[in-house]
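Encoded as structure tokens, the structure appears first; notes follow it.
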Amino acid sequence: MPTDNFIESSFWNFDALFQPQQHPARDQHDTFFLKDPAEALQLPTDYVHRVKRVHSHGGYGSQGYKYNWKLDEARKNLLRTHTTAASARALYRLAQKKPFTPAKYFSIDRVFRNETLDATHLAEFHQIEGVVADHGLTLGHLMGVLREFFTKLGITQLRFKPAYNPYTEPSMEVFSYHQGLKKWVEVGNSGLFRPEMLLPMGLPENVSVIAWGLSLERPTMIKYNINNIRELVGHKVNLQMVYDSPLCRLDAEQGSPQTQETT
Amino acid sequence: MPTVSVKRDLLFQALGRTYTDEEFDELCFEFGLELDEITSEKEIISKEQGNEKAEGASDVILYKIDVPANRYDLLCLEGLVRGLQVFKERIKAPVYKRVMPNGEIQKLIITEETAKIRPYAVAAVLRNIKFTKDRYDSFIELQEKLHQNICRKRALVAIGTHDLDTLSGPFTYTAKRPSDIKFKPLNKTKEYTACELMNIYKTDNHLKHYLHIIENKPLYPVIYDSNGVVLSMPPIINGNHTKITVNTRNVFIECTGTDFTKAKIVLDIIVTMFSEYCENQFTVEAAEVVFPNGKSSTFPELAYRKEMVRADLINKKVGIRETPENIAKLLTRMYLKSEVIGDGNQIEIEIPPTRADVIHACDIVEDAAIAYGYNNIQMALPKTYTIANQFPLNKLTELLRYDMAAAGFTEALTFALCSQEDIADKLGLDISATNAVHISNPKTAEFQVARTTLLPGLLKTIAANRKMPLPLKLFEISDIVIKDSSRDVGARNYRHLCAVYYNKNPGFEIIHGLLDRIMQLLDVPPGEKKRGYVIKASEGPAFFPGRCAEVFARGQSIGKLGVLHPDVITKFELNMPCSTLEINIEPFL
């Protein structure tokens, strides 16, 4: 999916995803809003009306959130907080193509969060996202795809846990057993996109869209035993580490490779 | 994710059995909760303030449980226990009823002055309730949790709970000038005006965060009883007169706010959770709210909603094959009482007032899947074949990366956000000339703008790796951001390629050689011809005079190369010569 736009409107980043306007993630302290350009110049009018309606009144089989949806709020520009905004754009484009053809999409790109910084959190990091849109997809299909996906990353022991996202239902967190840490760690988040998100786009009713995502930095840090994310991303990375690192061979033997000594 | 802290033994007592930590962790996992931490008050104080302060604190074991953000019914021990017991089929879900009082109904009259500041209010009564210390603490804690979550830090809804026996209705919810409001607030010993309270609470660590909600308004909300006793000044503080204690038997609850739907949900949650302790268990006494237009409504709504879903829809969406009866059983375990009706394929589901999170059939599908057990579902793969393709811009980037490394350059991954200085002053430019995207309210200077060039990131990388042997040859192929009014959001990314050579000598010929190699790889011949590239002598504030050239390819300017000006080098805290190349690679797609 094209993701070459760091700047996004609140509409595509939140509203189109059925994330309500009073949701905490839309706060100044979680999202970077823009001073200039502060507002989106253009939004697809008819689609915006349908999104406004499903948020404030329901429809498409939903009760809706029953609050006053404001266009001004949706216009606010921001640095995208997830690549799911790009997935929303891609699914909207897919919905305009008639007749519907199934699609499998992915993206790996940068996202921005205005959260407290610490050893494992930076203001910018990368997300990996996968999307499958087809007739009759089930939670079982999502789990099957996740199993194949994570097997490719060398992660095999998986367990799935019920979770909550504003834009997916059912939602699942994916856990894997880490031999080194001797505990189950979360390796990803996933779910079926809600009808309130898909139907206003114009996707047919019997089309399901499964999606999953994970961050790029966290599994890398776990694999290479890196404790501070700044050793991996940003200008403070030790170039010696970059010079000396071996090939990343996910399909090679299990067990984390030697970490590079930082002198 | 909201976290609920419960005393472990109290929890097990209410659940009717004990669990090992692992067993309880497993139960949480199944249900969609997370046992985040096992600790005690003593441990918490010890961690935060040191061992001495922790002396004498309770070492009763506490479970900190993470709860999904949309499950307001699981935000207290009472709700968790009820949810888990129904899940394990140990109890039947209680039915919550609103009942009319024996005597006069409590009335809350809203005047029109509230319209401009905090228009909505709902109310209810918990009659003949029995508190213990734990129940009382839980009652207070639930209000705090709701305030932090669905109430959005009291901005949308604020809850006030009062000892009804200290009051005399009907109650009036109005708005007055701050100087006209005077009362003794909770836990204080004398009366203050609202203006004075605003000042006093500026230093209160808890309340100072809510002052802004009404501070600058001409009128402040306030609730009185028929004798002029102040119940509360929402959303800031209750009056001391109506303070609830462990001995309180009758509770008057009012929720005021700017979102009517949420006020009703919040009221429903509080009363359903704590009506367990009323003499007439799970009943809530009605209260009447009279609106400014004269109309009135009875609260709490405690609405049970019915939704019909086909059994085969649930089977299809989850990927299981259960009979309609089994599905009805699964849903009933999730507090969604269900039964098979009609042609044997329809399931009628009753959604209780505690499940305001269920707004679509897909919410019901999820609950069926949770009860079935996610890890019991059989995995399958989607059958449709699709042809894979890489996004052209990324494909080009990937191809170039490897050849840049082959040319002896090392890749960097730098930040897209930086200070204004980084992209302007340090490069001899004025910020207004950069056409950069500016971030509002950045916490630090590091997040003022989105980068318009990859150069600062690479120079900072060199600065952080000063001890490395020379030459340092770095590159990055990544996005920069520029304002662009032809795009729907008003800005766009450009994929730039930037390389730097840092050594005792500037190495302009190396950078030039690199450009030639890149063009060769992109199949762009040298020369002025249409498909070709040329470099023409140029100038730039970041460059050494006479050592700068502009690159033209496919008819357009795609970037510059040259030796950096010593000022730039110094401003980035470097001390060796440096030459650089930065081009936009999108014209080569």
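In what follows, chains carry the letters A, B, and so on, assigned in the order in which the sequence lines appear, proteins first and then strands, with residues in each chain numbered from 1. Small disclaimer: the values here were computed from a predicted structure and weren't measured. Because only heavy atoms are used, hydrogens play no part in the values below, and waters and symmetry mates are left out as well, while side chains stay in.
- Residue A:Arg110 touches chain B through its side chain alone, counting heavy-atom pairs closer than 4.5 Å.
- Looking at B:Val481, only its side chain comes within 4.5 Å of chain A, counting heavy atoms on both sides.
- Residues A:Pro37 and B:Val489 fail the side-chain proximity criterion, which asks for heavy atoms closer than 4.5 Å.
- Contact of A:Tyr65 with chain B is made through backbone and side chain together, with heavy-atom distances under 4.5 Å.
- Contact of the A:Asn238 side chain with the B:Asn465 side chain is registered, since non-hydrogen atoms from C-beta on lie closer than 4.5 Å.
- For the pair B:Phe415/A:His235, a side-chain contact is recorded, criterion being any heavy-atom separation below 4.5 Å from C-beta on.
- Atom CD of residue A:Glu8 and atom CG of residue B:Asp488 lie 7.0 Å apart, to the nearest 0.5 angstrom.
- Open room surrounds CD on A:Glu205; 12 or fewer heavy atoms of other groups in view lie less than 6.0 Å from it.
- If you tally non-hydrogen atom pairs under 4.5 Å between each of A:Leu139, A:Ile108, A:Asp36 and chain B, the highest count goes to A:Asp36.
- A salt bridge is absent between A:Arg194 and B:Glu366; no separation between the charged side-chain nitrogens and carboxylate oxygens falls under 4.0 Å.
- Residue B:Ala356 does not touch chain A at all, counting heavy-atom pairs closer than 4.5 Å.
- In this structure the side chain of B:Arg152 reaches within 4.5 angstrom of the side chain of A:Asp27, judged on heavy atoms.
- Side-chain contact check for B:Thr261 versus A:Tyr67: every heavy-atom pair is 4.5 Å or farther apart.
- B:Asn70 contributes no side-chain N or O that, together with a main-chain N or O of A:Pro166, makes up a donor-acceptor pair within less than 3.5 Å.
- When each of A:Thr3, A:Asp109, A:Asp4 is checked for a side chain to side chain contact (heavy atoms under 4.5 Å, CB included) with B:Phe391, only A:Asp4 meets the rule.
- If you measure heavy-atom distances from A:Val242 to chain B, the contacts under 4.5 Å come from the side chain alone.
- Distance check, rounded to the nearest 0.5 Å: CZ of B:Phe29 to CD of A:Glu173 gives 8.0 Å.
- Between A:Asp134 and B:Lys383 there is no salt bridge, since no side-chain nitrogen of the basic residue lies less than 4.0 Å from a carboxylate oxygen of the acidic one.
- Contacts between A:Asn114 and chain B at a heavy-atom distance below 4.5 Å involve backbone atoms as well as side-chain atoms.
- When heavy atoms are compared at a cutoff of 4.5 Å, B:Glu411 approaches chain A solely by way of its backbone atoms N, CA, C and O.
- With a 4.5 angstrom heavy-atom cutoff, B:Leu156 touches chain A only via side-chain atoms.
- Of the atoms belonging to A:Leu122, it is side-chain heavy atoms, and not backbone ones, that fall under 4.5 Å from chain B.
- With contacts defined as side-chain heavy-atom distances shorter than 4.5 Å, the pair A:Phe18/B:His360 does not qualify.
- Within the 4.5 Å cutoff, no side-chain heavy atoms of B:Arg71 are placed close to those of A:Tyr164.
- When the shell of 6.0 Å around NZ of B:Lys316 is examined, it contains 12 or fewer heavy atoms from other residues, nucleotides or ligands.
- When heavy atoms are compared at a cutoff of 4.5 Å, B:Leu474 approaches chain A solely by way of its side chain, counted from C-beta outward.
- Using a 4.5 Å cut-off between heavy atoms, A:Ser171 touches chain B through backbone and side chain atoms alike.
- Aromatic ring centroids of B:Phe447 and A:Phe112 lie 6.0 Å or more apart.
- Heavy atoms of B:Lys443 lying under 4.5 Å from chain A belong exclusively to its side chain.
- For chain A, the nearby parts of B:Ile439 are the backbone and the side chain; heavy atoms of each come within less than 4.5 Å.
- Looking at heavy atoms from C-beta onward, B:Leu417 lies in side-chain contact with A:Leu79 at the 4.5 angstrom threshold.
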Q: Please test B:Arg487 against A:Ile7 for side-chain contact (heavy atoms from CB on, under 4.5 Å), starting from the C-alpha separation and ending with a verdict.
A: CA-CA 10 Å; B:Arg487 285 297 173 101; A:Ile7 309 303; over 6 Å; no

